[in-house]
Each structure stands twice: as structure tokens, then as C-alpha cells.
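Keep in mind that what you see is a predicted model, and the values were worked out from it rather than measured. All chains are named by letter (A, B, ...) in the order of the sequence lines, taking the proteins before the strands, and each is independently numbered beginning at 1. Every heavy atom of this structure was used, including side-chain atoms; hydrogens, water molecules and symmetry mates were not.
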Amino acid sequence: MPMNMTEKILAKAAGKDAVCAGDLISAEIDVIMCHDVTTPPAISMLKENGIDKVFDPERIVVTPDHFQPAKDIKSAELHKRLDKWAREKKIKHYYPIGKAGVCHALLPEQGHIRPGEVIVGGDSHTCTYGAFGAFSTGIGSTDLAAAIATGQLWFKVPESMKFVLNGTLPPGVYSKDVILAVIARIGTDGALYRAMEFTGSALGDMTMEARMTVTNMAIEAGAKNGIIGFDETTKQYLDEHLKDKTEYTVYDSDAEAEYVAVKEFDCSKLEPMVALPHLPSGGVPIGECSGKEMDQAYIGSCTNGRIEDLRIAAKIMQGKAVAIRTIVVPATPEIWKQMMDEGLGSIFYEAGCVVSAPTCGACLGGFMGILASDEKCVSTTNRNFVGRMGSPKSEVYLASPATAAASAIEGKLTDPRKFM
Amino acid sequence: MSKAHVYKRDHINTDEIIPARYLNTDDAKELAVHCMEDLDAGFIEKCAAGDVVVAGDDFGCGSSREHAVWAIQGAQVGAIIAQSFARIFYRNCINCGFYVVELPGAIEKINDGDEIEIDYEKGVIENKTQGTKLEFKALPDFAIEIINNGGLLKHISRK
Ligand code: SF4
């Protein structure tokens, strides 16, 4: 029976020869991602139910990120619970502050993501890791607790949709613009419960960093997972990053595999996109919204806080000054160091940006850049829901690092091609 | 019998159900105070124990925060009826032992303030105010078993 990648990985994880969409399976989990908001409640639940077991301390990766460094007493208590548990259970891959970073940037960078594996995390953007040809999905605290204890979870095998990204990206247009265009076309529930498989020449040209921006936002179309096939680019990234264990199994979709829909995009015709408030599906070409005045620019997060993103932003900001509050947040300590070593930190400083430590921070309206009522922020993050970055009366405009940087300089939504 | 609070909207997301500024706690009682705050600041005042929330498509989209379910449970909401649900939220509800009802056309069939009664296992909603019976697809048996056992963890620790 022909199968696609998602089905092949789930079949293997369920110990079956084949599965098809709609099957309920119990899957073996390879890696579990834990952070400071959803894991402490999972730990408490395990305790309350008298479950002391951790299925495998070597396959759980723990990093505080949402409110780290602790933003207040309550979040410090969350960190304390997480820290105590990670040490008690001898979690091998625990990244305390200093090593901690935004989870979805940290795990691939530190070599925890391998093709063909099943990865779950207590965070909706866990779908990011599908860029490596893995099945990866976000879960809540109860599922997380169950996975930690048993190393297994039930899943319904999702139907798959194929997204063919044809052509080549024009200058000034990035993978963020592609995914914003995809979600604008299909809507925030356009892939509800489904797998989004991405392929095509424009995707092939993208670096792993850029691909992760695409799969990161699969959840913004309601998808269970996003997935991208393995190629030379994947291999090279893994060769550089995998630490403990280098063997992995690569699954490709069969040519006759089934998809409930196939959507084609001509990426050569794309323009920089901005998702207007208050849904990630609100994407329009920059030409339709440029000139709108902003109060803040935010460059960071698991979507666009990687080194490549900071390089793009710095290139535009070099020798210029920002006109509005601009916050730059490297997603991990390694990215932070690389940014400093490459001199990007100085460019941001001279342009008048504030650079923070790695954290989720203002992306989810936690801290370090909260918006007041009626303020508008152009942001490289993934969600622009009501109140996402602060006041329920504020507005978030999602864009690429290039568009955010150009808009920071002008103080209003600006086409980044102006600076190229 | 429960009163329906109808929100004629799609994509009610977890940021509206429980804003991230309150995620520094996982205490259901504390979370309940802010339940639906960014959608309807008066919600917690008007919602009596057992009342039902009714909404359009894609309810609970966004973050995987189970805090959204805990806030709703803490506010003693009896169930949520929506035209469709976002995946992680839906799963979290079952895992927390909380009923979700998927009813196409829900916001047309139920008006704000209607008195309703739900039979979860049979898949029938009785709208007493309008005198109508609305059928829905009941949850699969294994999900009902998880809910009746008080959630996934109680369910697995019984096994
Ligand atoms: S950076 Fe934002 S979207 Fe990503 S994990 Fe953190 S809070 Fe979630």
C-alpha cells in the first residue's frame, strides 16, 4: 500500500506494516520536549496520580523558555518545580538558564531532532521539527504527563495535504512570506487535524533554518504536523548538529501516496507578506498595507529568532537608526554568541535596538516588550491573536525579519526591497 | 439543565480563553477568574455552574496550553458545544475529563440564554427553550471511557 511520510513514520512507531488516515494507533515516542509553562503542571499531575516513573531520562529534553529568566515570583516557582524534577529524575538533556533557549530553536540546534522519529512536546509549535522529516506534534500537559510516564501516546493518523512550493523566491521574499501566503490561502483551520507536507523547488532551495519557519507555522493552519522530506541540506545540518546518536531512518512519500488535497504555489510571484490582526491567516502583500504606523518591532521567537534571521535584519539595519522601539531576541545562547561574534550585536546596538537574552518573552505577551493599549507591533513571531503580545487593545502584524527590520527603520510597515 | 452562552464567532483561541499573562500559575481556581477575559470580560460573572458555552468553528485554536481547559473547568462550565474544535484543545478536553460536543450549525441552532440538556453518550441535545432535539456524533467509546474515568491520567493509573 503506498504511504506518505507521515503514515510511514506512524506505522513504524505503532509497530505496524502499514496505517492509513483515520486509524487510531498507539505510538512509541522517541523524544519529548518539556518547557516551563506546560511541564510543571504535568509533573504535579504525575505526583497526584502516584506515578513516579519517567519512561527514559535520556529521551526527554527540558528547557525553560517562556518566562526565563523568571519574570516574577510565580514563574520563578514554575522554574523551581521544573528544575527540581529535572535533577531528581536525572534528565540527561536539561538546559538550565545559561544554556536554555527557545525550545524549537534549541532542540534542532543541539542535535535532538532526527528524521523518521516521533517527537512530541508540550507546546503547539512542536510541529517545527517536521522540517527534518520527523513526525512532530504539540500536546497539552496531560498528554505530556502520560508520555513522560509511558513513552507512548494514542494518535489518529491524520489525512495529508501536499503543498508544492514551485519556482524560486525573489529577492526580499523569504520562507516566512511563503508560509504566510499559504495560511492566507487556506485559512487558520484549512489543515485542521491534517498533516501538511511541503515540497517543491522553492523549498529545496531553503536552508534548514528557513524550512523550520515553514513547519513552525503549520499549527496556524490547524494542522497536526508539518513535514518536509530529507535531502542533502537536511543531511548537512544533521552532520553538523547531531551529537549522541547519528543513525536515523529516512522515509520518503511514495509516488502514489494519497493526499486529500494538493495545493500549488508559484513562489516566484510572491511578495513580502504581512498578516494583519487578529489572525495568522490575515496575510496580504506588503503593497496593500505599507505606510501603516507602528510603535514597536520585534525580531525573535521560534519562528524567526535564528542566526539567519538576525543576519537578514542586521544587513538592513547596518548604518541606519530605528524609528520605533525595536527588540531583538536571539533564540538560543549559541545564536546569541554567534550574533556577537559576527558583529551583528553592534549593528543592532548602533541602530538603537535593545537586544535581550534568549527567551519567548513578548512573543506570547509574557514580558520584555509588552504592548500598551492601541499600540501596534510588527513582529517576526507566529501569532497575532487579540492580546497575544499584551493589551487586548493592541495589534500584532506578522512579517519576515526583513520586513520587520525595514519597518523598524521607517517606523511604519515598509517593503524591505527598498533597502536591497 | 444548563443555560447556553453563545458566541457567534469562529477561531476563539486559547489566548482569549486564558491570556498568557496568567500562565504563571496552573491553579484552576486562579485561572478561572480570568476565563474568557479577552473575549468577554463579564463571562465569569454570568456563567453559573453547569452552563454551556456555544461557539462557531475552530474553537480553542492556538497554543497547547491546557490552562485553557483548566480555566473553563475552574469556572464550572459544564461543556463546550462548537461547530468544530482545534485539535490540541479537543484532545486536552478529553484528557482532562471534560466533554466537548461538535455540532454543525451550533450558533444557528442555539440562542444565547437557551436552556439545554445534553446526553453525551446518545449524542442528543435537547433545546428546551426552542423545543428542538439536536443530534450530534457522540465521542468514540474510548474517549467517553477516559472522560468517565476522570481524565487520561486516572485512566492509565487504573490500568
Ligand atoms: S517563541 Fe513564541 S511561539 Fe515560539 S515557543 Fe516561545 S512563546 Fe511559543
* Do you know the tightest heavy-atom contact between B:Leu152 and A:Ala146? -> CD2-CB, 3.6 Å
* **Closest contact, heavy atoms only, A:Pro41 versus B:Trp70** => CB-CH2, 3.3 Å
* Atom pair CZ/CG of A:Phe367 and B:Asn24 - distance to nearest 0.5 Å -> 11.0 Å
* To do: Mind checking the CG-CH2 spacing from B:Asn95 to A:Trp154? Nearest 0.5 Å is all I need.
  => 7.0 Å
* Pick from A:Leu364, A:Leu24, A:Asp72, A:Asp143: which one has the most heavy-atom pairs with chain B under 4.5 Å? -> A:Asp143
* **Which of A:Ser75, A:Ala70, A:Ser141 touches chain B most, by non-hydrogen pairs under 4.5 Å** => A:Ser141
* Asked: So, the side chain of B:Glu16 versus the backbone of A:Val386: is there a donor-acceptor pair under 3.5 Å, distance only?
  -> no
* Within a radius of less than 6.0 Å around NZ of A:Lys89, do more than 12 heavy atoms belonging to other residues, nucleotides or ligands occur? -> yes
* Considering all heavy atoms of both residues, which atom of A:Ser124 and which atom of B:Ser64 are nearest to each other, and what is their separation? -> N-OG, 3.4 Å
* Asked: Who wins among A:Leu78, A:Leu46, A:Asn382 for the most heavy-atom pairs under 4.5 Å with chain B?
  -> A:Leu78
* Should B:Asn92 and A:Thr142 count as side-chain neighbours, where that means a heavy-atom distance under 4.5 Å? -> no
* Asked: Near A:Lys393 NZ, under 6.0 Å, is it more than 12 heavy atoms from other residues, nucleotides or ligands?
  -> no
* Structure fact -> Assert top hit (heavy-atom pairs under 4.5 Å, partner chain B, pool A:Lys224, A:Glu220, A:Met45, A:His125) equals A:Lys224
* To do: Check whether A:Leu279 gets within reach of chain B through its side chain, its backbone, both or neither, counting any heavy atom under 4.5 Å.
  => side chain
* Which of residues 189-197 of chain A get closer than 4.5 angstrom to chain B, counting heavy atoms alone? -> A:Asp189, A:Leu192, A:Tyr193
* Asked: Is chain B contacted by the side chain of A:Arg388, its backbone, both, or neither, given a heavy-atom distance below 4.5 Å?
  -> both
* Quick one: pull up CZ in B:Arg21 and OG in A:Ser391 and give me the separation to the nearest 0.5 Å. => 7.5 Å
* **Choice from A:Asp36, A:Thr137, A:Thr150 maximising heavy atom contacts with chain B below 4.5 Å** => A:Thr137
* **Toward chain B, the part of A:Ile73 with a non-hydrogen atom under 4.5 Å** => neither
* Find the one option among A:Ile370, A:Ile139, A:Ile219 whose heavy-atom pairs under 4.5 Å with chain B are most numerous. => A:Ile139
* Asked: Should we count NZ of B:Lys46 as having more than 12 external heavy atoms under 6.0 Å?
  -> yes
* Asked: Does B:Arg91 reach the side chain of A:Leu153, with side-chain heavy atoms less than 4.5 Å apart?
  -> yes
* Are B:Glu37 and A:Pro392 side-chain neighbours, meaning at least one heavy-atom pair lies under 4.5 Å? -> no
* Asked: Quick one: does A:Phe67's side chain get under 4.5 Å of B:Leu23's, heavy atoms only?
  -> yes
* Asked: Quick one: are B:Ser63 and A:Arg383 in side-chain contact, heavy atoms under 4.5 Å?
  -> yes
* NZ of A:Lys156: more than 12 outside heavy atoms within 6.0 angstrom? -> no
* Out of curiosity, B:Arg65 CZ to A:Thr38 OG1, how far, rounded to the nearest 0.5 Å? -> 10.5 Å
* **Side-chain heavy-atom pair B:Asp26, A:Arg81 within 4.5 angstrom cut-off** => yes
* **Non-neighbouring partners of B:Tyr120 that pass side-chain hydrogen bond (donor to acceptor under 3.5 Å, both in side chains), sequence neighbours left out** => none
* Side chain, backbone, both or neither: which part of B:Phe85 has a non-hydrogen atom closer than 4.5 Å to chain A? -> both
